[in-house]
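Note on naming: letters A, B, ... go to the chains in the order of the sequence lines (proteins, then strands), and numbering restarts at 1 for each one.
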Amino acid sequence: MHCDVLIVGGGVLGTSLAARLSRTRLKVCLAERAADVADGASKGNAGITSSYYAAPGTLAARLTTASVFRWDEVCRRLNVPFRRIGAVMPAMTEPEAAALPELCRDAIACGVRAALLTRDQALELEPLLSPGCLGALHLPDEGIIDPVRLTWALAELAARNGVRIMLGTPVVGFRRSGDRIAAATTPEGEIEARFVVNAAGLQADRVSQLAGGESFRMWPRKGQYWILDRAFGARLRHIVFAAPATETKGIHVVPTTRGSVLLGPTADDGEDRDDKATVSERLQDAFEHARRLVPSVSLDHAIRTYAALRPACDEPFFIRRDARVANLIHTVNRSFGVSASLGSADYVAELLQRDGLEIEPDPQSADELPFLPMLRHTPDPAALSGLPENYSQIICVCEQVGAAEIEAALRARVPARSVEGIWKRTGATGGRCQGALCMAGVLFLCSVHGDVPPDALCQREHGTVGIGDGGSA
Amino acid sequence: VLVVGAGLAGLAAARTLRRRHRVVLIDRLPVAGGVMAHQDGPAHRLQAECRAAGVTFRLGATALRWSDERRLLVADPAGFEWLGGERLILAGGLRPATPAELGIVGDRVSGVFPATVAFHLLEAGVTLGRRTVVAGAGHWAARICGLLQRRGSRVTLLPDAEQPLAPAAETWPGWRVVATHGMARLQAVTVAHGESTARLLCDALVLAAQMHPMRNVDGAVLDGGHPGLSFLQPDGDRMSADAVIGWAEERAARIMDEAGAGNEG
């Protein structure tokens with residue numbers, strides 16, 4: 001197989017680049033080792049579209065700024081939940097209060113809105129803030145997004161425009177020709193490519209090593225989160241950020257587009273890239289820190305805990321051509337991959353063009369996905385018309401997902417193949433009963449649609465439901 | 001009055017309330033009687049009495065949202081509808097506790113099932129595991145243990161001390177699951193009893209340990225704070241059918257008395 005650009009990695013950076021390049025005449029492949037897109041940090045982050053992340057003038061700031069005002073439009077075209085609800089960062093101590101003016105100046109210098117609030121103004125804006133706060137920074141351009149659905153939607157758009165999305169396809173080696181990669185080796189065979197983009201997240205160092213490229217080291221930074229029920233989320237209006245470098249250790253309180261609230265993440269550097277286990281003590285820490293910012297958070301509302309691994313690196317963020325391999329570009333981002341994803345895709349395209357790839361827009365390519373309303377995000381479903389007939393046949397009650405939305409996920413070009421795959425695309429099974437009511441139904445729909453016996457179906461991306469024929473013990 | 005849930009409690013409440021109110025009884029299943037009781041005599045009798053008394057049945061309809069304007073969004077295969085009501089009584093039954101509610105941490109693996117899901121899968125002939133740990137011993141556990149053993153799984157049961165036992169190869173009374181371990185699929189669980197812990201090898205875990213009220217209508221989740229909302233959900237799953245019916249009748253009458261007195265109980 002031959003392509004112009006091979007993207008290694010189906011996280012938000014890889015799929016946003018795939019979507020970007022799918023609007024051109026280039027032939028593009030994306031190889032993801034997991035069984036689905038969004039299987040690493042892209043499914044385990046807080047779902048924030050930052051308005052400002054780094055000091056003005058840096059590439060990180062530039063790419064975040066290049067993304068921040070595009071979310072409304074991109075999410076409308078791709079039918080991805082997004083709300084620009086703004087963030088407040090309360091100062092809980094004098095040193096924190098002293099740090100806010102500089103952050104405010106930096107944010108404004110990056111081209112986004114920011115304002116310092118007195119204690120009373122802060123509490124009026126966000127009544128759930130701790131009354132002990134001394135003041136706050138208000139960042140009204142911050143937004144919340146469904147990062148998993150975003151990653152899938154970008155892949156789906158790319159696939160509809162002809163990008164070949166190869167799931168369950170690890171890159172296990174590269175064939176070199178001089179200072180260039182000639183082809184990538186996968187169990188599916190060789191993929192010849194003029195350019196390779198390394199968007200492999202936590203595995204980026206290994207991909208570089210396989211290619212004979214630069215040596216850098218990645219390690220997992222584990223983040224643990226609580227998800228609190230919508231019953232609490234309905235009362236919280238803003239993202240509540242911990243001020244940087246303080247006792248709160250970056251534990252935020254973040255509303256999600258599904259109406260729930262995240263508390264987290266913790267940050268623990270480790271070695272084991274497969275260790276996504278939650279640990280009681282660290283979860284308790286996360287809760288205690290979150291409670292300093294928003295005292296009314298309560299674990300009585302907890303519906304789930306999870307851990308995810310951020311791709312940490314000596315250099316936390318870089319996009320550049322490899323120093324040794326002429327046609328290899330790395331895109332590594334520890335913490336703000338979602339926020340910078342749109343700008344990063346454009347920037348990688350610029351680098352490719354600079355290195356001699358001719359990028360010609362394809363006017364025939366689609367810039368939006370077919371629209372099926374998400375019931376959960378529809379204020380008055382009774383006013384909808386022209387729906388598929390099973391749209392109002394509800395499967396997941398907690399998250400308000402009907403049979404038509406689940407079937408759309410199963411029939412997509414980048415389709416759901418597991419219970420978790422359905423969750424990624426629709427939210428079904430992810431609500432307050434955690435699938436007690438609907439998981440069997442979701443599973444049987446997957447089973448019938450994919451003609452896979454229920455035993456052999458995957459519950460998560462890896463790991464089958466049962467241990468019958470075709471199942472793994 | 002809108003009553004959501006046509007199990008024994010919902011049916012009994014609807015029959016009582018119909019004496020003084022117009023009543024619509026809504027259930028997501030196409031038959032009344034609830035998940036556990038639709039084949040039983042008491043449910044049949046109650047349903048006949050409700051119909052005779054003029055309770056309006058909306059079966060096969062899912063209640064989704066309760067608005068501050070006291071309208072209930074209901075979905076059925078024909079579409080969506082907002083039903084007005086002075087009062088919403090949620091009799092949505094019980095569900096098994098989630099891992100978060102049980103304080104279970106550890107690896108996120110396949111092979112962990114709420115009891116309700118395990119029951120449906122076993123009924124459909126799915127072999128859940130060769131060695132299965134069943135946490136809890138309520139009525140779900142009793143049914144599931146039998147099904148598991150018939151499918152050749154070795155069952156380790158972790159009942160609360162005072163729960164009635166279900167058939168199992170091994171029983172560890174008073175022990176609870178605190179963590180799951182595995183890479184893709186479950187390989188073991190850590191169990192604890194007081195200060196002691198142990199590791200049990202298993203490839204499936206069924207969560208049947210505590211029953212929580214099913215609260216899946218948006219805007220009708222918390223006790224108190226929502227206009228016109230009352231819950232009719234028993235505390236645990238150990239009441240007999242007759243006890244549930246008596247309890248629901250009494251509670252429904254009290255809810256309406258309190259509402260009539262202007263007390264948003």
Between [X] and chain B, with a heavy-atom cut-off of 4.5 Å, which part of the residue counts as in contact: side chain, backbone, both or neither?
X        : result
A:Phe232 : neither
A:Leu457 : neither
A:Asp229 : side chain
A:Glu389 : backbone

Measure from the side-chain N and O atoms of [X] to the backbone N and O of [Y], and report whether any donor-acceptor pair falls under 3.5 Å.
X        : Y        : value
B:Arg185 : A:Thr464 : yes
A:Arg432 : B:Arg215 : yes
A:Thr378 : A:Met374 : yes
A:Gln434 : A:Arg304 : no
A:Lys424 : A:Lys43  : no
A:Thr426 : A:Ile422 : yes
A:Ser392 : B:Asp76  : yes
B:Thr156 : B:Glu170 : no
B:Gln233 : B:Met214 : yes

Checklist entry - Aromatic rings B:Trp140 and B:Phe119: how do their planes relate, parallel, tilted or perpendicular, breaks at 30° and 60°? => result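 Because their plane-to-plane angle is over 60°, the rings of B:Trp140 and B:Phe119 count as perpendicular.
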
For chain A, the option from [options] that forms the most heavy-atom pairs under 4.5 Å:
options                                : result
B:Gly106, B:Ala118, B:Ala78, B:Ala97   : B:Gly106
B:Leu121, B:Asp218, B:Leu128, B:Thr180 : B:Asp218
B:Gly219, B:Gly60, B:Pro114, B:Ala124  : B:Pro114
B:Thr116, B:Val117, B:Val217           : B:Val117
B:Arg65, B:Arg151, B:His181            : B:Arg65
B:Gly182, B:Gly111, B:Gly125           : B:Gly111

Chain B interface, residue from [options] that has the most non-hydrogen pairs under 4.5 Å:
options                                : value
A:Val397, A:Leu299, A:Asp274           : A:Val397
A:Cys458, A:Gly431, A:Pro454, A:Ser280 : A:Ser280
A:Arg460, A:Arg230, A:Glu420           : A:Arg460
A:Ile303, A:Leu375, A:Asp275           : A:Leu375
A:Thr305, A:Val279, A:Leu437           : A:Leu437
A:Cys433, A:Ala307, A:Ala234           : A:Cys433

Checklist entry - For B:Ser67 and B:Glu69, what are the C-alpha separation, side-chain angles and deciding distance, and is it a side chain to side chain donor-acceptor pair (under 3.5 Å)? => result CA-CA 5 Å; B:Ser67 77; B:Glu69 298 76 40; 3.3 Å; yes

Let me know if [X] has heavy atoms under 4.5 Å from chain A in its side chain, its backbone, both or neither.
X        : value
B:Ala63  : backbone
B:Val112 : backbone
B:Val109 : backbone
B:Arg95  : side chain
B:Leu64  : both

Checklist entry - Are A:Arg258 and A:Asp146 close enough for a salt bridge, meaning some N to O gap below 4.0 Å? => result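 Yes.
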
Next on the checklist: Under 4.0 Å between a side-chain nitrogen and a carboxylate oxygen: does that hold for A:Glu405 and A:Arg376?
Outcome noted: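 Looking at A:Arg376 together with A:Glu405, the answer is no, because their closest N to O distance does not fall below 4.0 Å.
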
